[in-house]
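Here's the structure, in C-alpha cells; my notes come after.
In what follows, chains are A, B, ... by sequence order, proteins preceding strands, each numbered from 1.
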Amino acid sequence: MRFDLSETQQLLKNTARKFLQAECPMAEVRRLMETETAHDPVLWSKIAAQGWTGIVFPEEYDGLGLGMVELAATMEEMGRALMPGPYLATVPMAGVLLDAAASAAQKRKYLAPICRGEARAAVFEGGLFAQDLGVADYLIQADRRNGALELVLWPASAVAAKPMPALDLTRRLYEVAITNPAAGELLARGSEAQAALDHMYDVATTALVAEMLGGMQRVLEITVEYAKTRKQFGKPIGQFQAVQHLCADMVLLVETTRSAAYYAAYALQEKLPEAREAVSIAKSYASEAYREVGNRGIQIHGGMGFTWENDLHLYYRRAKASEILFGDATEHRERIARLVLGG
Amino acid sequence: MRFDLSETQQLLKNTARKFLQAECPMAEVRRLMETETAHDPVLWSKIAAQGWTGIVFPEEYDGLGLGMVELAATMEEMGRALMPGPYLATVPMAGVLLDAAASAAQKRKYLAPICRGEARAAVFEGGLFAQDLGVADYLIQADRRNGALELVLWPASAVAAKPMPALDLTRRLYEVAITNPAAGELLARGSEAQAALDHMYDVATTALVAEMLGGMQRVLEITVEYAKTRKQFGKPIGQFQAVQHLCADMVLLVETTRSAAYYAAYALQEKLPEAREAVSIAKSYASEAYREVGNRGIQIHGGMGFTWENDLHLYYRRAKASEILFGDATEHRERIARLVLGG
Amino acid sequence: MLYDPEACGQSAQIAAPGTKPFNKRISRQWYDDRFGTTRMDLNLSPPEIQFRDELRAWLEQNLPRNWKQEHAALGAMEEKFAYLRRWQKKLYEGGWVGVAWPKDYGGRGASLIEQVILIEEMARASAPPVANVLGVGLVGPTLIAYGDDAQKKRFLAKILSGEEIWCQGFSEPNAGSDLAALGSEARRDGDHFILDGHKVWNSYGWAADWCAMLVRTDPQAPKHKGLTYLLVDMHSPGVRVRPLRQMTGESEFSELFFQNVRVPAENVLGRVNDGWNVAISTLMHERNTLGANLHIVFKRQFDRIVELARANGKAADPLVRQKLARCRADIEVFRLTQMRAITRVNQSGVPGPEGSILKIFWSEFNQRFQQVASEILGPYAQLTGECEHSPDEGQWAYGFLRARGNTIEAGTSEVQRNIVAQFVLGLPKSY
Amino acid sequence: MLYDPEACGQSAQIAAPGTKPFNKRISRQWYDDRFGTTRMDLNLSPPEIQFRDELRAWLEQNLPRNWKQEHAALGAMEEKFAYLRRWQKKLYEGGWVGVAWPKDYGGRGASLIEQVILIEEMARASAPPVANVLGVGLVGPTLIAYGDDAQKKRFLAKILSGEEIWCQGFSEPNAGSDLAALGSEARRDGDHFILDGHKVWNSYGWAADWCAMLVRTDPQAPKHKGLTYLLVDMHSPGVRVRPLRQMTGESEFSELFFQNVRVPAENVLGRVNDGWNVAISTLMHERNTLGANLHIVFKRQFDRIVELARANGKAADPLVRQKLARCRADIEVFRLTQMRAITRVNQSGVPGPEGSILKIFWSEFNQRFQQVASEILGPYAQLTGECEHSPDEGQWAYGFLRARGNTIEAGTSEVQRNIVAQFVLGLPKSY
C-alpha cells in the first residue's frame, strides 16, 4: 500500500516544476495576462514537446499513454506556476471528450493534432462561456437536439468568439456563437454522448482540482516565506501566534485537499466504483480551500498583499474562477448527498 | 436617541445581580440541580417578593406593569446566575399566554396567583416536552381541535408529568399526558388563540435570548479571569495571541447578541412593525453565539474546562438546551427569509 | 420588600424551605419612586428631529437631482474632483460641513448623534461626498485639539470650504500594523525641518494641497517617543506622488515620496516628539466617524442582491435563503451595535475601543456578504466591468476583490483583536 | 526532447513567437526508460493481504459473537475489566498483541501498515479492546527503545499478556499544555527515589499495576532538563487514585496522588534527568497509532445519523444534505490523509508532525459532526441516556459533550497549530 506519488510520478512532477520555473516564471505569466488571449504559441509548442498535450491519450494518436495520476501531478505544477493559456480547455476537456466519443477516424483527424501540439480546442455545453475559445482550432458543443444529447465538432471558422472580461486574467472566457450551422460534424449522440460528457467532467474536474492544489501550495509557500522575513514590532511576523495559526490552517487546507485530489485521480485511473464521489469530494474541498488559503495568504501579507505588484491576487483570481468552474462546493456536496442519501 | 438601558433599567438590573449573587450563587445552583425538580420554593418566594413573577403583567392582576426591556434586563441577570427553576415556563410563557388570551375572570383566577408567586405554570404545544411541568400548578395546552386552535388550561391534578433527563440540569423537561380529559378549561379559540400564542412565542423567545446573553457574558468573564491568572510557559495564558483572539471573538459574539437582544425587547415593547424580524434575528444570533462562546470558554480553560467541578459546562448545557428551544438558528433564519424574501 | 443588597446578602438570611419570608410585595409605584422612570428610547429627541428636518429641507433645495450622471460625464479625474469641490462649497455655505466643530471655527457644535444623522441622511439621499474628506473628518478635529491660534486661523476655514484639500501620511512600507516603526525623517535646520521619507496607502494625495504627516524627529528615542506630527505643503519642491495600484486594478491610493523637503517649524502640530499622541487622537476620530454610513451602503447592496436572487430564482433555494437571512441579520446587528456605541460615546464624550469591535465585524461581514453574492450570481460573479453580461457593470466581481482589503486597511483584524483583548478585556500586552 | 533542466533554463533559449523549436516529441517508451514505471498503488501487498487474511480467520474462530451483551451483563467495573484481560490473554496466545514489537520481545515485527490493518480489522469486527491499552501501545515501545535488559525481561511479556496493567502519569494541574512545567518530585535516597506528586487526566489508573511517570529529579535544572522517566508500582504505599469527574458526568479519568512513595532506582527508564527525551518518544508513538481506527468509528456514527435523518425526514432537507455531505467528505478526507501519513512514516520510519495535522482535523471535525447530528435530531438531541425517547440511549447528547474535550485532550488545537507552524513550516518559536 502506497498512497503517495511513486518515484516515477515524482520525477515527472519535479521535471515539470523545473520546466515551468524556466519557461513560465511569474514575469512571463504577467506578460501573457496583458496580451489579448493570454496564450503564447511558443510556450505551447514547448509544452507539446514535453508530451503534456497528449499525456493521457493513446500512443496510436501520438499521445503519451500515461494515466490520471500523471495528468494530476503535471497539472499541479501548472497550477503552481499559474501557467496561462488553453491547456485545461484543450487537453482534459476537449481532448478527453474526443478520446471518449469520437470514431477512430475523427481521433486521427482531431485528437492527434492536439497530442502533437498542433491544435487547441474548446468545449461548450450551453452555459455562459467557453473557456479559451479565442485560441481554439475547433469547438466541441454538447447540445440537446431532437430529444437527444449530441456532441458536435465545429471548426473555428464556423464559430464567433467574443471575449468576456473576468476575474482570472490568465485563462479567458468567450461568448459563443455558431456562425455557420452547416459546418458541424457529429461525434456522438444519445447515451454514448452522455457517457463521454460525464467522463470528461470527471476527468476535467479532477485535473482542475490538481491545478488548484498546486496554486494553493504556492500561496502557502509565498506566505510562509514572507512571514519569515517581514518584520513588525521588532520580530518576524511569523513569530506571532495569530500568524502561525493562520499558516497552520493553510497547511490543513492544502494537505487535506492534496489527499482528496490524489485519491480522485487514483480512483478515476483505477475505475473504482467510488470514483464519482471522490471527484465531488475533491472539488467541494478544493473550491473552498483555495479561496480560504488565498484569504489567509493575503491577510498575512497585509497591505502588501493587496497590491497589484504582489502575485497573490493573481492566484486569488484563479481561485475564484476555479471555485465556480464545473460546479462550486455546494453543487458538489449535493452530488455527494445524492450518492450517499439518494433523492 | 438612547440605545442603552436607562438609569432606571440599569438600577433594576444591578439590583437583580446583587440579589442573585446573594440568594442564588453557584453553590445553590449546584445544590438545586441535584434535586428532583431543580426548583426551590423558598427561592421562588423571594423572586416573587422582588416582583419578578409579575414583572410584565398589569397591576390589576397584582403585576408590576413594567415592560419587555425590564423583563429582558432581569432575565439577563437570571441567565448570568444560571438561576434554576420554572421562571421561563411560568412568566414569559404561561403568564404571557394567560395575559393575552384569558378572560378577566380567568386572569384573576390564574394570572394573579402567578404574579403573587403562589402558582407556577407550564405550556405545551404538542412537541416533545413541557418545560418544568413537574412543579407547575397548571398547564396551558395549545391544541388543534375541531379544525381550530384551542388554548386549554388543565389543573396539575389532570396532568401526568414524566421527567425526561436532558443536558440542561437546571431546567427540567417532562413528558405530558392528560389524565382527566374532563378537567380542561377553554381560554381562547381560533384566530384569537393563534394571536396569543404567536405573541407568547415572541415574548418568551426574547426573554430567553436575554437570559442567554447573561449566560454568555458570564462565561466570558469567567474565562477572561482565568486567562489572566492561569500560567503556562511562564506567562498568563491571556498573553498568548491565540487566547487573546479567542477572547476577542467572544466579545464580538456577546456584544452583537446584546444589540440584537435589547432591540428585540425594545421593538416588542414599542410594538414596532419589525418586531417579529428583530426577535428572529436575536434568536438566530444567540443560538449560535452562546454555544460558540461556550466552546471558546471551555477551550481556553483547557483540561480544567472539561471537569465537572468547573462551572462552564453548566452554562454549556444551558446553551445547548436554549439553542434548541423555540427554534434553532436555522429555523429563525428561514423565518427572517420569509419576512425579507417571502415564499 | 424590594431586595436591598446593603441590608441583606448573607446566606444566614435565607429562610428554611417551606417558610415564606417575603410576603410583602413591591408595587409599580414603589418601583418608580425608588428607581425612576427613564426608559430605553430609540427615538430622536426634538432638537435632533429639527436638525434632521432642516437638513432634509436643505437637501431638497440644493442636491443636484442627477449628479451621478453629471459627474460621470466629466472626463478627467481633476474635473470630477472639481465637481466635488463645488458641492462642498455649497454645503459649506449652507453650514453643513464640519457640523461637529465648535461654532467659533465654523461648525455648529453638533452632537455625535447629529453627526450620525447627517452622515445617514447624506447616504439616504445618495448625495455626493465632500472633496476634502480627510481635512474635515481627521485633520480639522486634530487641529482644533492641538493647533495653536495661528494654525487654526491659517487652516480651518479653508478646510471647511474645500479651498485647501488635505491628505494624511501615516503608513510606510515598513510601518504597517506597527505604525510606530516608521522611518520618514525630519531633521531640524534652523527654523525649518528637512523631510525625507516614503509614505504608502495615501488617499487623495494626487489632489491634496496639504499633508498631515507623522515623521521621526528623534531617531535615538524609543520608537513611540521620537515622532512629530507635521503639516506639509504638497506643493513644496521635493514632493512626489505616485499612484499605488491595488489588486482590484484601480489606484485608489498613492505613494508619496519626500526628498529634502523644507517644512517651516511653525507647521509642527502639538509638540515636537509628541506626534504619537496627536496621531492617536486622529485615529480615534477616524474610528469614531468612519463607517457610520456603512449600514446604509450594505443595506442597499443587500436589497440589490435580493432583487437579483429573485430574478434568477435563487431566492427560493433554502441554502441561499439561509445565507441571505444571515446577511440581513448581520447588517441589522451591525447597525444596532453602532447605535449602542454612538450612545455610549455620546454620553461619555470619549471614543472607546468599541470602534475595534465594529471594524472587525463589518470588515468580516462584508467578506462573507460578497461571497454570498458571488454564490448567488454563479458564473456571472466573475465577470468584470467591461462586459454586457456582467451584472451591475461588474460591481460584484469588484466588490469581491475589494472586500479582501477590508480586514487589512485601517488596522488589520489581528491588530483590532489585540486591541479588544487588551483594552476592552484588560488582558496583558501580547508582544 | 524531454525538458532537461540542466541543459536548459535560460530565457535566451526561448524562441521568438511563431517558430517551433521543439518539433521532436517524446514517446511513452522514452518516458518509461527515463523515469521508471512505478505507480501510486493503494492496494495491499501480498504479505499484507496474508497478514489480514490470517487475522480475519483467527477472529472468525475466536471473537465471542455476542461479547457486547456478555460484557454489559457484568456488573462491577472490575468484572468488566477482567473480561477484557481474558480477551487480551486470548489475543496474546494467538500472537495478535504488540504485533509491531520485535519477535524477540513477543511481537511479529509487523510494519506500520500491518499495525493499521490490525487496528482497522478489529474496529470492523467490533472486537473488544485489549485491557492493557497503554502498556501495549505506549509503555512497551518506550521500554523497547530505552529499557535495559533487566527491565525488558521484567516487564515486556507481562504487558503483552495483560498480566500487569499500565497507566501513564504525565499531566499535572499546573502542567497541561506546558508539560515540562510539571512539579511532581522524586528525591534520591540511596538506591531509591522518594516520590511526591499529583497527576491528572490519567487513564486506567484505577486498574493499573504500574505507572510510567515523568517526574522532576533536578529542580535546579532548566525545566526540560531535570525530568526523569520513572516506572512506579501502583501498589506501593502512598499511592492514591481518585476518580476525576468530567463535564459529561462520567469518570473516564483519574487523579493520582503520590506521597512519600519509595521507587527503586532500577526503575528509572533511560537516564536520570533525560526523561523529557524518553517521554517525547512515547508521545510520538501515541500520535502515530492513536486514531487509526477513528475513521471507522466516525463512519459508523455517520451511517447511523443518516439512518436517523432518513427516519425523521431530514435527509430530504437541502440544508441537512449539505451538512451531511460535508461530514461524509471530511471523514473520507481524514481517512485519506491518514493513509498518506502512514505511507510516509512507513517509508521514512520516523513519526513526524503529520500527527498534529490529523489531530487538529479529526478533533475539530468531530465537534462539527456532533453539532450536525444534534441539528438533525432537533429537540431529541438534548435527551440523555436514561430516557425512553432518547435516541440511541443518549449517545448523541453524550457525544456532543464528549467531543468538546477532543480539541483539548492529547495536545490542544492551539499547541498543535504551534507545532505545525514551527515543525512543518519552520516558523520561529512563538514563546
Looking only at A:Val69, A:Thr256, A:Val243, most heavy-atom pairs under 4.5 Å shared with chain D are made by A:Thr256
Turns out that what part of D:Phe334 lies under 4.5 Å from chain A's heavy atoms comes down to neither
Selection from D:Ala325, D:Ser413, D:Ser45, D:Ala421 maximising heavy-atom pairs under 4.5 Å formed with chain A: D:Ala325
Note, A:Lys13 side chain near A:Glu77 side chain (heavy atom, < 4.5 Å): yes
With chain A, the option among D:Glu332, D:Arg310, D:Arg326, D:Glu48 that has the most non-hydrogen atom pairs under 4.5 Å is D:Arg310
For D:Ile357, is it the side chain, the backbone, both or neither that has a heavy atom under 4.5 Å from a heavy atom of chain A? both
Interface moiety of A:Arg335 toward chain D, non-hydrogen atoms closer than 4.5 Å: neither
Look only at the side chain of A:Thr53 and the backbone of A:Cys115, and say whether a donor-acceptor pair between them is shorter than 3.5 Å. yes
If the test is side-chain contact (heavy atoms from CB on, under 4.5 Å), which one of A:Ile55, A:Val91, A:Ile47 qualifies with A:Thr74? A:Ile55
Please look at D:Glu414 and chain A and tell me whether the side chain, the backbone, both or neither of the residue comes under 4.5 angstrom of a heavy atom of that chain. both
Under 4.5 Å from any heavy atom of chain A, what part of D:Ser111 do you find: side chain, backbone, both or neither? neither
Counting heavy-atom pairs under 4.5 Å to chain D, which of A:Glu277, A:Arg338, A:His332, A:Glu221 comes out on top? A:Glu277
Judged by modelled atom types alone, do D:Thr407 and D:Ser363 share a side-chain donor-acceptor pair under 3.5 Å? no
If you count heavy-atom pairs under 4.5 Å with chain A, which of D:Gln29, D:Met339, D:Arg335, D:Lys323 comes out on top? D:Met339
Any side-chain heavy-atom pair from A:Glu70 and D:Arg39 closer than 4.5 angstrom? yes
Using heavy-atom distances under 4.5 Å, tell me whether D:Leu425 contacts chain A through its side chain, its backbone, both, or neither. both
Return yes if some donor-acceptor pair links the side-chain N/O of A:Thr8 with the main-chain N/O of D:Phe35 below 3.5 Å, else return no. yes
Contact part of A:Leu339 toward chain D, heavy-atom cut-off under 4.5 Å: side chain, backbone, both or neither? neither
Please identify, among A:Met250, A:Arg258, A:Glu334, A:Met1, the residue contributing the most non-hydrogen atom pairs under 4.5 Å to chain D. A:Met1
Determine whether a donor-acceptor pair (N or O, by modelled atom type, separation under 3.5 Å) exists between the side chain of A:Arg230 and the backbone of A:Ile237. no
Which portion of A:Glu59 sits near chain D, non-hydrogen atoms under 4.5 angstrom: side chain
Considering only heavy atoms, give the residues of residues 262-276 of chain A separated from chain D by less than 4.5 Å, sorted numerically, with 'none' for an empty result. A:Tyr262, A:Tyr263, A:Tyr266
Other residues, nucleotides and ligands only: do more than 12 of their heavy atoms fall within 6.0 Å of CD on D:Gln50? no
Mind checking whether A:Met212 and A:Thr257 have side chains closer than 4.5 Å, heavy atoms only? no
Counting heavy-atom pairs closer than 4.5 Å to chain A, which one of D:Leu358, D:Val333, D:Leu427, D:Leu42 comes out on top? D:Leu42
Decide side chain to side chain contact (heavy atoms under 4.5 Å, CB included) for A:Phe19 and A:Cys24; before the verdict, give the C-alpha distance in whole Å, the side-chain angles of both, and the deciding distance to 0.1 Å. CA-CA 8 Å; A:Phe19 169 84; A:Cys24 188; over 6 Å; no
Most contacts with chain D, counted as non-hydrogen pairs under 4.5 angstrom, among A:Asp249, A:Leu5, A:Leu246: A:Asp249
Quick check against the 3.5 Å criterion: does D:Gln367 have a side-chain atom that pairs as donor or acceptor with the backbone of D:Glu364? no
Donor-acceptor pair, D:Lys359 side chain versus D:Gln416 backbone, under 3.5 Å? no
Salt bridge between A:Arg296 and A:Glu292, side-chain N to carboxylate O under 4.0 Å? yes
Counting heavy-atom pairs under 4.5 Å with chain A, which one of D:Leu336, D:Thr337, D:Val320, D:Asp303 comes out on top? D:Leu336
Measuring heavy-atom distances to chain A, does D:Asn346 have an atom under 4.5 Å in its side chain, in its backbone, in both, or in neither? neither
Verify, without hydrogens or angle tests, whether A:Asp40 (side chain) and A:Leu32 (backbone) share a donor-acceptor contact under 3.5 angstrom. no
Contact leader toward chain D among A:Leu220, A:Thr330, A:Leu43, where contacts are heavy-atom pairs under 4.5 Å: A:Thr330
Side-chain H-bond candidate by donor/acceptor type, A:Ser259 with D:Arg340, under 3.5 Å: yes
When you check the side-chain N and O atoms of D:Glu375 and D:Gln371, is any donor under 3.5 Å from an acceptor? yes
Chain D contact via A:Val224 - which portion, at a heavy-atom distance below 4.5 Å: both
